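Not measured: the values here are computed from a predicted model. This chain uses plain numbering: 1 for the first residue, then up along the sequence.
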Amino acid sequence: MAKMAASVLDNSEDAFRKIFKFYKRRDLPPDFRDVTDFCSGAAGEKIVPVKLNPAAVRDGDAVSVGLKPIRDWRAFSLQGYPGFIFISNPFLRGSQAYWVRQCLKTYPQKPNVCNLDMHMPLSDTQDIWGRSAQVLRFASSEKRQAKTLLEKLRWVTLGYHYNWDTKTYSANHFTPFPSDLHALSFRITAACGFPGFSSEAAILNYYRSDSSLGIHVDESELDHSWPLLSLSFGQSAIFLLGGPRKQDPPTAMFIHSGDVMLMSGPSRLLYHAVPRIVPAPQERAAVLEDFSSASSLQEGSMLEAVAEEDWAVCSRYIQSSRVNVTVRQVLGPGQSFPEMPPISVQRSDEGRTDGYHNESADGDRWKRKRSCSGSDSVGTKET
Ligand code: SIN
């Protein structure tokens with residue numbers, strides 16, 4: 001570990017928290033010397049290339065969801081983190097545009113649930129895209145006072161909707177999981193050695209350039225033998241992957257647009273966090289300018305072309321933002337939820353206690369609870 005990051009560990013208590021603050025701080029120029037970058041191709045001391053089984057998914061099935069054939073993926077493991085797999089952008093050129101459009105236009109639609117539902121009547125959150133697109137298409141945020149609903153979006157849940165208050169999923173708060181996202185998740189997890197994955201819940205996190213995500217473990221799923229799948233689009237992030245104890249020092253790594261991570265086996269329940277969003281490097285920024293016109297879609301593709309006017313909105317949004325999707329299988333074979341009383345969606349933020357905050361320095365502060373018994377609260381008071 002380079003001197004700079006090592007120096008923050010002098011007082012060894014809660015090393016994760018100190019490193020989190022080291023990367024989050026804005027009063028000094030950032031020091032990224034210790035950040036592992038899988039995309040640069042330079043094999044860092046801990047990076048180990050992994051050969052995935054190219055026969056696990058047929059080429060046509062990979063291509064149909066916008067993925068390269070598996071033999072062309074660059075996959076890695078990380079020494080000291082068994083079960084952790086990092087795939088450096090396995091998407092075909094132009095196909096990320098489809099997934100970005102789904103995350104911004106389709107998945108926030110009802111009946112899916114989002115942070116805005118907690119504060120606004122249904123009539124306001126019914127058409128987040130429609131109420132934001134015109135404004136975003138024509139005026140950059142510097143030229144406007146008010147934020148669009150899309151810019152206020154912080155999370156969306158799909159499938160079994162995570163209840164931030166009880167930190168549980170339940171049988172009676174479920175809406176159908178999007179079939180395209182399941183097809184993508186099924187194929188990626190199969191390629192990584194987990195055939196038969198059932199996408200039952202997802203959390204989409206929407207990060208502005210000054211957002212962060214606190215230290216937590218995703219443990220509310222009832223079966224942890226299935227991997228946690230993570231997909232990232234837009235600007236890059238520093239991701240911290242820690243150990244099974246909150247105080248274990250984490251490894252910092254860059255996640256760029258299109259990168260995919262799997263946390264499985266002994267890595268399934270590791271503490272992790274996102275202290276900082278960083279601008280995409282030039283070569284990845286170019287990927288973000290591609291959009292999937294009908295002519296660039298491969299034959300047999302399940303993806304629809306993104307309309308040019310939709311892409312104008314998406315590309316403006318992701319110039320300064322990042323979207324992360326984590327897909328989870330909640331139940332094991334034959335497993336069911338324990339009996340619970342019917343839940344009601346809380347429509348006010350009163351009485352919500354924080355697991356952690358994802359916060360924008362511009363005052364657009366938002367709070368959320370996570371599936372973590374040992375979550376760490378990251379807020380203005382502490383940082
Ligand atoms: C990420 O944004 O990369 C991580 C999201 C999460 O841990 O839920």
Side-chain angles (χ1 to χ4, degrees), residues 96-142 144-159 161-164 175 177-178 180-181 201-214 230-235 237 257 274 277 288 306 309-327 345-349 352 354-370:
Q96 283 188 52
Y98 172 82
W99 295 108
V100 171
R101 199 272 315 265
Q102 294 300 82
C103 292
L104 299 183
K105 181 173 182 179
T106 309
Y107 302 148
Q109 283 171 23
K110 299 289 149 245
N112 300 329
V113 180
C114 72
N115 63 302
L116 302 174
D117 299 328
M118 309 296 148
H119 313 275
M120 293 178 176
L122 194 63
S123 53
D124 285 356
T125 58
Q126 197 74 258
D127 187 16
I128 294 170
W129 175 267
R131 293 174 63 144
S132 311
Q134 278 301 89
V135 180
L136 279 170
R137 207 171 280 138
F138 296 112
S140 67
S141 53
E142 298 84 59
R144 299 180 263 122
Q145 296 275 301
K147 283 192 172 153
T148 60
L149 290 182
L150 202 51
E151 291 164 309
K152 291 181 185 166
L153 196 60
R154 293 294 174 262
W155 55 260
V156 166
T157 54
L158 310 176
H161 298 283
Y162 185 67
N163 183 320
W164 308 104
T175 54
F177 195 92
D180 56 355
L181 186 57
I203 297 177
L204 283 75
N205 283 304
Y206 298 80
Y207 297 83
R208 307 297 291 167
S209 55
D210 49 6
S211 307
S212 60
L213 186 67
S230 158
L231 313 163
S232 295
F233 302 106
Q235 297 305 304
S257 194
V274 177
I277 301 303
L288 300 179
V306 176
E309 78 238 36
D310 284 355
W311 185 242
V313 177
C314 295
S315 67
R316 173 154 276 163
Y317 179 91
I318 56 166
Q319 290 314 315
S320 57
S321 307
R322 168 176 187 261
V323 184
N324 175 266
V325 186
T326 46
V327 185
V345 175
Q346 195 175 344
R347 287 203 169 271
S348 115
D349 55 359
R352 290 171 68 81
D354 281 293
Y356 61 74
H357 306 173
N358 177 333
E359 169 169 331
S360 294
D362 62 2
D364 176 23
R365 177 171 163 159
W366 59 283
K367 299 175 175 183
R368 43 183 287 190
K369 291 171 68 170
R370 258 333 268 268

[atom1] of [X] to [atom2] of [Y]: how many Å apart, nearest 0.5 Å?
| X | Y | atom1 | atom2 | result |
| --- | --- | --- | --- | --- |
| L158 | Y107 | CG | OH | 7.5 Å |
| T175 | H161 | OG1 | NE2 | 2.5 Å |
| L204 | L231 | CG | CG | 9.0 Å |
| W99 | D180 | CH2 | CG | 4.0 Å |
| T125 | H119 | OG1 | NE2 | 11.0 Å |
| Y162 | I203 | OH | CD1 | 7.0 Å |

Evaluation steps, side-chain contact (heavy atoms from CB on, under 4.5 Å), between L149 and W129
CA-CA 8 Å; L149 290 182; W129 175 267; over 6 Å; no
Sequence-distant partners of [X], side chain to side chain donor-acceptor pair (under 3.5 Å), two or more places apart:
| X | result |
| --- | --- |
| T106 | Q102 |
| S230 | N324 |
| S132 | none |

Give the C-alpha distance, both sets of side-chain angles, the deciding distance and a yes or no for side-chain contact (heavy atoms from CB on, under 4.5 Å) between V323 and L104.
CA-CA 9 Å; V323 184; L104 299 183; 4.2 Å; yes
If you compare all heavy atoms of [X] against all heavy atoms of [Y], which two are closest, and at what distance to 0.1 Å?
| X | Y | answer |
| --- | --- | --- |
| A237 | V274 | CB-CG1, 3.9 Å |
| G234 | I318 | CA-CB, 4.0 Å |
| A202 | L181 | CB-CD2, 4.5 Å |
| S320 | Q235 | C-CG, 3.9 Å |

Determine whether a donor-acceptor pair (N or O, by modelled atom type, separation under 3.5 Å) exists between the side chain of [X] and the backbone of [Y].
| X | Y | result |
| --- | --- | --- |
| Q319 | S315 | yes |
| S257 | F233 | no |
| D117 | C114 | yes |
| R322 | Y207 | no |

Set of side chain to side chain contact (heavy atoms under 4.5 Å, CB included) partners for Q109, sequence neighbours left out:
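Listed in chain order: K105.
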Evaluate the side chain to side chain donor-acceptor pair (under 3.5 Å) criterion for residues Y206 and N115: first the C-alpha distance (whole Å), next the side-chain angles of each, then the deciding distance (0.1 Å), finally the verdict.
CA-CA 10 Å; Y206 298 80; N115 63 302; over 6 Å; no
Could you check whether any side-chain heavy atom of R208 comes within less than 4.5 Å of a side-chain heavy atom of Y317, counting everything from C-beta outward?
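Yes, side chains in contact.
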Under the rule for salt bridge (charged side-chain N to carboxylate O under 4.0 Å, His left out), what residues qualify as partners of D127, not counting sequence neighbours?
none
Who passes salt bridge (charged side-chain N to carboxylate O under 4.0 Å, His left out) against R137, sequence neighbours left out?
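So R137 forms no salt bridge (charged side-chain N to carboxylate O under 4.0 Å, His left out) with any residue.
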Do you see a donor-acceptor pair shorter than 3.5 Å between the side chains of E151 and T148?
yes
Run the numbers on L116 and L153 for side-chain contact (heavy atoms from CB on, under 4.5 Å), then give the verdict.
CA-CA 7 Å; L116 302 174; L153 196 60; 4.1 Å; yes
